[in-house]
Amino acid sequence: AQSVTQLGSHVSVSEGALVLLRCNYSSSVPPYLFWYVQYPNQGLQLLLKYTTGATLVKGINGFEAEFKKSETSFHLTKPSAHMSDAAEYFCAVSAENDKIIFGKGTRLHILP
Amino acid sequence: EPEVTQTPSHQVTQMGQEVILRCVPISNHLYFYWYRQILGQKVEFLVSFYNNEISEKSEIFDDQFSVERPDGSNFTLKIRSTKLEDSAMYFCARKGAGSYEQYFGPGTRLTVT
């Protein structure tokens with residue numbers, strides 16, 4: 001079975017500072033990994049994905065994530081936080097038959 | 001890539017009533033999914049639908065739930081007799097062409113009173 005663990009339900013960073021949201025996964029087969037973002041009162045938007053190939057993947061809005069098999073991690077980073085990045089971020093893994101398993105989410109707060 | 005639209009955006013219903021939530025793909029896709037998110041909790045898989053048949057369903061998706069694509073376009077989720085605990089945000093998703101990611105609609109907020 002697949003599962004995802006997101007460390008920290010809330011993360012606060014100052015505007016301009018590095019954003020690091022942590023995600024660890026468990027999968028019995030090679031995983032497909034995703035980060036989705038949810039802005040207040042909106043749906044889920046795909047930020048980036050890892051399927052195969054390059055382990056450092058770039059997404060929208062300056063975010064990137066690195067797949068580390070040895071650490072079973074897929075942490076999300078952004079070099080410089082912007083106020084507009086305030087949202088909830090979900091790490092997710094694709095399981096058998098394509099269903100997606102989500103983590104519990106991390107709410108990112110940006111401090112002025 | 002285009003996503004899907006969902007109607008209504010918000011539905012309020014009384015316990016025991018039937019509700020139908022609709023998902024309208026912008027382009028023709030074969031793979032659809034329903035997820036729900038109870039307030040403050042994580043997004044949970046309900047059911048996947050491929051080529052007009054259920055391909056997988058979760059433990060949450062009991063006999064009170066059903067899905068269909070009645071006219072080859074709209075994709076619906078029906079809850080026959082709603083309970084208070086059905087109150088949640090319901091998301092429809094479609095699978096991207098030739099890949100594993102899914103694209104989500106804006107959701108329907110269901111409130112059961």
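Just so it is clear: chains get the letters A, B, ... in the order the sequence lines come, proteins before strands, and each one is counted from 1. Since this is a predicted model, take the numbers as computed values, not measurements.
- Within residues 80-90 of chain A, the residues having any heavy atom closer than 4.5 Å to a heavy atom of chain B are A:F90, listed by residue number.
- Within the structure, side-chain hydrogen bond (donor to acceptor under 3.5 Å, both in side chains) pairs that include any residue of residues 8-22 of chain A comprise A:H10-A:H109 (at least two apart or interchain).
- To the nearest 0.5 Å, the span separating NZ on B:K95 from CD1 on A:I100 amounts to 10.5 Å.
- Aromatic ring centres of B:Y31 and B:Y50: separated by under 6.0 Å.
- Shown here is B:D62, whose CG atom has more than 12 heavy atoms of other residues, nucleotides or ligands within 6.0 Å.
- Both the backbone and the side chain of A:K104 have a heavy atom closer than 4.5 Å to some heavy atom of chain B.
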Output side-chain donor-acceptor pairs under 3.5 Å for residues 14-23 of chain B, partner residues at least two apart or in another chain, one line each.
none

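- In this structure, chain B has a heavy atom under 4.5 Å from the side chain of A:L46, while its backbone stays farther away.
- In this structure, B:F75 has its ring center under 6.0 Å from that of B:W34.
- Heavy-atom distances place the side chain of B:Q37, and not its backbone, under 4.5 Å from chain A.
- With sequence neighbours excluded, no residue satisfies ring pair (Phe, Tyr, Trp, His ring centres under 6.0 Å) with B:Y90.
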